[in-house]
Structure formats: C-alpha cells, structure tokens
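Okay, structure first, notes after.
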Amino acid sequence: MEEYLKQLNESQREAVVYTDGPSLVVAGAGSGKTRVLTYKIAYLLRQGLPPQSILALTFTNKAAREMKERIASLTDERTARRLWMGTFHSIFSRILRSEAERIGYPSNFTIYDATDSKSLLRSILKEMQLDDKVYRPGMVQSRISNAKNALITYKAYEQNKELVQHDIDSKVPLLREIYKRYQNRCQQAGAMDFDDLLLQTNILFRDHPDVLEKYRSFFQFVLVDEYQDTNFAQHLIVQRLCEVHRRICVVGDDAQSIYSFRGANIDNILQFKNQYPGCRIFKLERNYRSTQNIVNAANSLIHKNTKQIQKTVYSEKEEGSKVAICSSYSDYEEGYAVAGKINDMRMRNYDYADFAILYRTNAQSRILEEALRKRGIPYKIYGGLSFYQRKEVKDVISYLRLIVNPHDEEAFKRVLNYPARGIGDTTLNKLIVAATDHNVSLWTVLNDPLGYALPVNNGTAKKLSDFRELISGFIERNVKLSAEEIAAAVVKESGIVSVLFQDRSVEGISKQENLQELLKGIAEFCEIRREEGAERVSLADFLSEVSLLTDQDNDKEEQANKVTMMTVHAAKGLEFRNVFVVGLEEDLFPSAMSKDNPRAVEEERRLFYVAITRAEENCVLTYAKSRYRNGQSAMCSPSRFLRDIDTKYIYASADVATDGSFAGTRRSSAFSFPFRQPKAMEEDAYVSPVAQAVGRQARLTRMEAASSSPSSVSTSDLSGLYVGAKVRHDRFGEGEVTAIEGEGGNAKATVSFAHFGQKQLLLKFARLTIIE
DNA sequence: CGCTCGCTGATTTTT
DNA sequence: TCAGCGAGCG
C-alpha cells in the first residue's frame with residue numbers, strides 16, 4: 001500500500017480508494033472529511049488522472065484554498081494549481097465568462113453583490129411606485145433569490161399559477177413583474193447576481209448540449225464538499241456533469257446543514273443514494289477532534305432532530321471536562337464573564353488563539369468586543385462588513401467596474417456623482433427614465449443625450465459630457481494599461497484622492513488607509529500574476545477574481561495570538577481548543593424567526609450542533625437573563641436547546657451563579673481594570689484591514705510593507721543562479737532551485753520552498769536573492 | 001444641487 | 001444602537 005494511504009483510518013481509506021462509481025461520504029463532525037477529500041484527489045492524480053480533469057467544488061474560498069495547499073504538499077504546487085478547485089460560484093463564473101456569448105451576456109459581465117441587487121430592486125420599486133413597506137426590498141430579494149435557486153426564471157414564474165396565486169394571497173401580486181424588470185435590468189447592464197451564476201450555468205447546459213458535452217468529458221471526476229449545503233441549482237449542475245460517467249464523490253454531514261435560508265436543500269444529501277443507484281456510502285464516524293463529553297453532548301442534542309442519516313459519532317479521546325453552562329444577569333455581564341474565564345484559563349497554558357467565541361448574530365459581537373478590550377485580551381473578528389463593502393473601497397471598485405463594463409448600472413449610479421460633480425438625483429432619475437423608456441443602459445443614454453431626448457439644461461449637459469469623457473478616457477487607456485496602472489490613474493484623475501485626503505478626521509484617515517490598501521492589493525495581485533507568467537494583468541482579470549472574494553480570507557501571519565470571534569455559520573469547518581457559545585436564549589438561538597417552524601428549529605439545532613462540535617477540549621455555553629435589543633433591554637429565557645443536551649454531560653457552573661453575587665464580583669473586578677488600555681494593546685486588538693487585502697486568495701502570504709511598483713523592482717542579478725542554489729524570496733522565504741529553463745526575459749526557475757512547496761517563478765519579476 | 005438634521009426601522013445566518 | 005432615508009433649507 002502506498003505510504004500516504006497509511007495515514008488514513010480504515011473507513012477513510014475505503015472512501016478514498018473507491019473510484020469506480022458514485023459515492024457518498026457521510027462525514028461526522030471532526031471525522032477527517034477534508035483529509036478524505038484531499039487524499040482522494042491525490043489518489044486520483046496518482047492513478048494518472050490529469051489535474052485539470054478533476055473538478056472539486058467547495059462551499060467557501062477558504063476551504064478551496066486550504067485544500068489546494070494540502071494537495072500541493074502531497075503532490076506539488078503546479079499540479080495543485082491546475083486542478084479545478086473552488087466554490088461553485090467562482091468555478092462557474094469562469095465557465096460562464098468563456099461561454100458568455102452563448103447565453104447573451106458579455107464575457108466581461110459584472111457580478112452584482114447583494115448590495116447591488118438590493119439597490120437595483122429599490123430603484124425598480126421606486127419606478128413602479130410601490131410602497132417599500134409592503135414590498136420590502138429584503139423580502140423581494142429573497143423571493144427572487146429563492147426562485148432562481150429553484151431554477152425558476154421570471155418567465156416560468158409568471159406562468160406558475162401556484163406562485164402567482166401565492167403572491168396574490170400574500171398581498172404582493174406584482175412580484176412577478178418586479179422579478180421580470182429586475183432580470184431585464186441585470187441583462188441590460190451585463191450583470192449577473194450571485195444566483196445567476198448558478199442559474200445561467202444551468203441554462204447554458206440545458207440549451208447548449210455541445211457545451212455540456214464539452215465539460216462533461218473535460219471533468220472526468222467531480223468531487224463536492226459540504227454537499228448538505230447545496231441548493232437545487234448546484235445539485236442540478238453537478239448532476240448534469242456527472243450523469244453519464246457517474247464518477248462523482250460527494251462529502252457532507254446532514255447534521256451540519258445550516259444554509260437552508262439560502263436555498264440549501266438537505267434532501268440533496270438525503271436523497272443522493274436514490275439519485276445515483278448503485279452508489280456506495282461510506283460513513284466516517286470517529287471524531288478525532290473533541291473529547292468524549294463534547295461529542296456525546298452534541299450527539300444527545302442532535303438526536304432530538306427527526307430527519308437524519310443514521311450514524312454514531314464517537315470519540316476515543318479522553319472523557320474530558322463536561323460542557324459548562326453559565327448564566328449571567330445581562331449581556332454585558334455575559335461578555336465580562338467570558339473575558340474573565342479566558343483570562344483564568346490562559347493561566348493554564350492556553351494561548352489566546354486557543355479560544356473562540358461563537359454567536360448567532362453579528363450584532364452580538366460589539367458587547368463581547370468591549371468586554372475583551374477592557375480585559376486587554378487581543379481578538380479578531382470575522383464577518384461583519386467586508387473590506388470590499390466599505391464605501392470608499394466600493395466607490396473605487398465601481399469606477400473600475402464601469403471601465404470594464406460601462407453598462408453596469410449600479411456602478412454607474414455610485415460613481416456618477418462621486419466625487420461630487422454637480423450631477424444630483426434629479427439628473428440621475430432623468431437618465432434612468434430615458435434608459436428604461438428606450439430599454440437601453442444608462443451609459444448608452446449618456447453617450448447620446450440628444451438622441452434619447454434627455455431633458456437637461458446646458459450646464460448639466462456639460463457636466464454629463466465631462467463625466468462621459470472621463471470614463472471614456474479610462475476605457476481607452478485600459479486597453480493598454482495594467483490593472484494597477486489604471487486604478488492609480490482612476491483615483492488620481494477622478495478626484496477621489498483630493499476629496500478623501502482633505503478629510504483629516506479619524507474616519508477620513510481610515511478611509512485613506514483603506515484606499516491605499518486597495519491599491520496595494522491590486523498591485524500585489526498584478527505582481528503575483530506576472531510571476532506566474534501572465535503578460536498583462538488586466539483590470540477585467542482583477543475584477544473577475546475580486547467580485548467573489550469575501551472577508552473570510554484572512555492571513556495566517558495576521559492571526560497571531562488572538563481570540564477568534566465569529567458567527568456560528570462562519571465557524572463551520574473550524575476547530576478550537578476552547579469554545580464559548582454565547583447568547584443561548586429563546587428568540588436569539590433559536591432565532592425568533594424560526595420558532596414557529598419546526599423545520600427551521602431543526603436547522604437551528606443543527607447550527608447549535610455545529611457550534612458545540614467546534615470544541616476540542618472545553619465547551620462553555622452561556623446565556624443572559626436580559627439583553628439589549630433594539631436599544632432596549634429585554635428579559636430573556638434560556639434556550640430550549642440547553643434542555644436538549646443530556647444532563648450527564650453538563651456541568652452547570654457555580655462561578656457565574658444566578659444570584660446577585662456575580663454582579664458584585666463584576667463591580668469589584670471592573671474597578672481593577674481601568675477603562676482604557678495601553679495604546680499598543682488597543683491597536684493590536686483590531687484586525688487590520690490589511691488582513692483583508694486583495695489578491696489574498698491567489699497567494700499565501702503578504703508582501704512586506706514596502707509597497708512595490710513592478711517597474712521599480714530592481715532586477716537583481718540572477719545570472720549566477722544554478723540548480724541547487726539556495727535562494728530567498730520576499731514572501732515564500734527560503735528555498736532551493738530545482739530547475740531553470742528559458743532564457744533572457746523569459747527565464748524561469750523552479751524553486752522548492754521550505755513552507756510553500758514548489759513554485760515556478762519568472763526571474764524577470766521574482767525578487768530572488770541567492771543566499772548560498 | 002448639496003448638506004444637515006431628525007426620524008424610523010431593522011436585525012439571521014453568506015456565496 | 002445605528003445606519004439609511006427623506007424633508008427642508010442654503
């Protein structure tokens with residue numbers, strides 16, 4: 001047996017080596033699911049499958065990146081890079097770009113994020129003069145999203161009597177009209193929303209059998225991670241690709257299905273064996289992560305759910321400490337108790353990085369943050385608004401989007417009067433009216449105001465044409481320039497820099513920093529691509545990568561030694577030695593929205609299951625008796641889920657007693673911790689926005705602070721480079737040259753780095769220093 | 001057209 | 001608590 005297969009247990013190994021037909025791997029929490037996937041891919045590669053014929057779909061960018069790294073260490077960097085591995089959204093956006101004209105989209109289509117879609121819906125609602133209290137944008141958005149995830153186009157929607165009737169009954173009969181207009185506007189703008197990426201892929205495959213055939217034979221083996229979280233659109237894409245060769249392996253855990261609000265359908269995994277007759281089912285039941293008490297407590301909880309695949313997750317680690325339940329009087333004290341407990345436990349040889357605080361909603365993070373800060377505990381928060389959603393960043397990105405695709409309506413609207421150039425809402429609305437009347441994009445109207453009879457006075461007309469000139473100028477230059485050059489030109493010549501740098505306030509400075517960060521990120525992205533051999537890194541290249549990037553992409557370096565704070569959703573797939581799950585109260589966890597719906601409550605229970613099973617050694621559950629909600633303090637009762645856990649695995653903590661004694665403790669302790677912490681501490685406590693910089697997904701670590709423009713890079717003398725030389729790279733550290741090929745400007749060296757595996761580097765760009 | 005002030009309403013989770 | 005929106009004024 002091959003060496004690496006010995007690193008697997010028997011059931012893992014069986015799952016890995018079975019490649020003859022469809023298989024389902026039911027992987028309990030902490031059972032080595034990722035391990036199976038990575039080894040299986042490695043196994044397929046050893047069997048001679050070329051990497052580019054393997055399609056591996058994950059749920060998050062982070063999961064894809066990590067798996068790629070692990071495969072790179074089992075094989076090599078180059079092979080790993082050629083795998084088709086990524087999220088559904090990123091993989092199929094790539095495919096859609098190359099096949100775009102088949103379905104009537106430009107290949108440089110924009111991807112609308114949730115904010116863009118909502119804003120577009122708002123303006124449609126306004127145009128239709130609908131009351132946004134009845135047609136709440138959020139509700140409309142999720143209805144459309146659900147329809148798309150169920151592959152119901154607006155045409156199908158109009159014709160579906162049931163849906164139309166349902167809308168009439170819910171007093172929102174015009175939903176179908178909104179959906180139709182929304183879709184037309186997206187198409188007009190050359191834009192797809194997140195759901196379109198999946199819907200349009202399905203349409204592409206449905207209507208173009210030759211295209212489907214191409215990808216069918218191209219992807220000889222398909223693997224899907226987190227299958228329990230796939231929706232119908234994703235499920236069908238996979239099925240289309242696999243129904244002929246049936247070389248498919250899906251991995252998941254029905255007990256961890258927590259995304260039904262996004263259309264995920266747990267039946268996809270429950271019904272998999274019926275979809276693929278003859279499918280083999282492998283169960284991974286041994287949990288390597290947590291102690292017995294934690295596993296048993298989680299099991300006793302999840303058994304309260306009805307629908308699930310039968311399995312027995314067990315741990316052979318030590319029994320461990322019981323799951324603690326702590327109550328406190330208020331949310332404030334809850335935070336304080338958690339912070340105190342972390343400090344206590346740190347005395348027992350734990351690092352800050354060994355702790356995670358998990359909560360149901362992002363809103364809960366604030367008060368916890370405050371408590372940690374007062375105690376001087378360093379922390380990092382995941383989630384919340386991402387780097388790209390910050391106004392100043394999104395404004396710049398909008399310019400870039402507009403340059404690549406001037407029909408992009410949402411980008412157009414953001415940029416038209418930013419920086420202020422005297423084109424206000426009135427003029428914008430006139431543009432929109434003209435555009436909708438003629439069924440063209442805003443940009444088209446802007447290019448021929450007279451032709452579309454735009455009712456503006458001379459002054460405004462001049463302002464509009466100035467704006468058009470500005471953007472057209474960028475578009476022309478963009479043909480030749482690289483992403484970083486055009487971005488630099490944009491911030492300078494649009495006036496963004498001068499506006500932003502006038503503001504000396506704290507927020508103003510932070511905005512400037514974010515802008516710098518963005519530019520640096522773009523430069524970094526370009527440099528990485530060049531090192532990989534790209535000729536010119538265009539703005540379109542950059543945007544196509546960046547639009548699907550989320551905030552979860554943080555840097556290992558930055559993660560230093562800090563407590564992790566995140567929602568339970570965000571914590572899926574992660575593990576920590578000590579986990580605090582806070583806010584276990586009715587109407588919060590389970591959320592108030594789900595309490596009347598048994599299915600939804602089951603999902604909340606699974607969510608809680610996910611939370612508990614993140615813990616390796618200690619798991620603390622806390623609830624407060626009162627909590628601030630909507631600015632007002634409200635009484636709350638303990639979560640029903642606390643009663644679902646078998647009491648024999650629970651320890652109801654005495655140190656946070658329910659009586660007044662805790663309050664007294666708090667006061668005295670609070671006194672001994674001055675409100676303000678030393679400055680260094682405060683700065684340290686925040687995750688720098690640097691951590692979220694662009695291009696992270698493409699590379700592993702961050703460049704040194706020195707900002708670099710490639711033109712200024714001194715091409716160090718590498719003529720003395722030879723195979724076997726020890727070299728140092730700014731980001732990859734030390735390594736050994738294993739091969740050199742090409743000459744002059746195209747000379748490439750293959751370097752094997754100690755921590756980053758093999759890389760091929762263009763000597764022209766890679767800043768290598770020979771150290772031996 | 002642009003800015004400021006005050007009100008209101010929302011809060012579940014994310015690619 | 002806070003962001004986002006609308007009204008009203010300069």
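Only this structure's heavy atoms are used, side chains among them; waters, hydrogens and symmetry mates stay out. Below, read A as the first sequence line, B as the second, and so on, with proteins coming before strands; counting in each chain starts at 1.
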Nearest to the side chain of [X], heavy atoms from C-beta on, is which of [options]?
{"X": "Arg262(A)", "options": "dT13(B), dG2(B), dT15(B)", "answer": "dT15(B)"}
{"X": "Ser591(A)", "options": "dT12(B), dG2(B), dT13(B)", "answer": "dT12(B)"}
{"X": "Ala570(A)", "options": "dT14(B), dT15(B), dG2(B)", "answer": "dT14(B)"}
{"X": "Phe194(A)", "options": "dT12(B), dT15(B), dT14(B)", "answer": "dT15(B)"}

Partners meeting side chain to side chain contact (heavy atoms under 4.5 Å, CB included) with Val433(A) (sequence neighbours left out):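 Scan of Val433(A) (side chain to side chain contact (heavy atoms under 4.5 Å, CB included), adjacent residues dropped) gives Asp437(A).
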dT13(B) versus dG4(C) - spacing of their P atoms, nearest Å: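 Roughly 15 Å separates the two P atoms.
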Under 4.0 angstrom between Thr60(A) side-chain N/O and dT14(B) OP1 or OP2: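 Negative; the distance criterion is not met.
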Using a cutoff of under 3.5 Å, can you pull out all pairs of nitrogen or oxygen atoms linking the protein to nucleotides 5-10 of chain C, with atom names and distances?
none

Ionic contact status for Arg401(A) with Asp408(A), cut-off 4.0 Å: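 Yes, this pair counts.
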Atom [atom1] of [X] to atom [atom2] of [N]: distance rounded to whole Å?
{"X": "Arg599(A)", "N": "dT12(B)", "atom1": "CZ", "atom2": "P", "value": "20 Å"}
{"X": "Ile381(A)", "N": "dT14(B)", "atom1": "CD1", "atom2": "P", "value": "13 Å"}
{"X": "Glu585(A)", "N": "dT12(B)", "atom1": "CD", "atom2": "P", "value": "16 Å"}
{"X": "Glu603(A)", "N": "dT14(B)", "atom1": "CD", "atom2": "P", "value": "13 Å"}
{"X": "Asp425(A)", "N": "dG2(B)", "atom1": "CG", "atom2": "P", "value": "9 Å"}
{"X": "Tyr382(A)", "N": "dT13(B)", "atom1": "OH", "atom2": "P", "value": "18 Å"}

Trace of the ring-ring contact (aromatic ring centres under 6.0 Å, His included) decision for Tyr336(A) with Tyr329(A): CA-CA 11 Å; Tyr336(A) 199 82; Tyr329(A) 183 69; over 10 Å; no
Validation row, ring centre Phe467(A) to ring centre Phe412(A) under 6.0 Å: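 Ring centroids of Phe467(A) and Phe412(A) are less than 6.0 Å from each other.
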Base dT1(C) to side chain Arg366(A), donor-acceptor N/O within 3.5 Å cut-off: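 A donor-acceptor contact between them is absent.
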Parallel, tilted or perpendicular, as decided by the 30° and 60° cut-offs, for the rings of Phe205(A) and Phe92(A):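 Taking Phe205(A) first and then Phe92(A), their aromatic rings stand perpendicular (interplane angle over 60°).
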Sugar-phosphate, base or nothing in reach of Arg606(A), heavy atoms under 4.0 Å: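 Counting heavy atoms under 4.0 Å across all strands, no contact is made by Arg606(A).
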Touch class at under 4.0 angstrom, heavy-atom based, for Tyr259(A) against every strand present: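 Tyr259(A): backbone/sugar contact only, no base atoms under 4.0 Å.
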Side-chain donor-acceptor pair present, Asp193(A), Tyr182(A), cut-off under 3.5 Å: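 Their side chains do contain a donor-acceptor pair, which is all the 3.5 Å distance test asks for.
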Whether Phe59(A) stacks on the six-membered ring of dT15(B) base, 5.5 Å and 30° limits: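 The base of dT15(B) is not stacked with Phe59(A) (the test needs centres under 5.5 Å and planes under 30°).
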Atom pair CZ (Phe576(A)) and CD1 (Ile357(A)), whose distance is rounded to the nearest 0.5 Å: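 So the gap between those two atoms works out to 10.5 Å.
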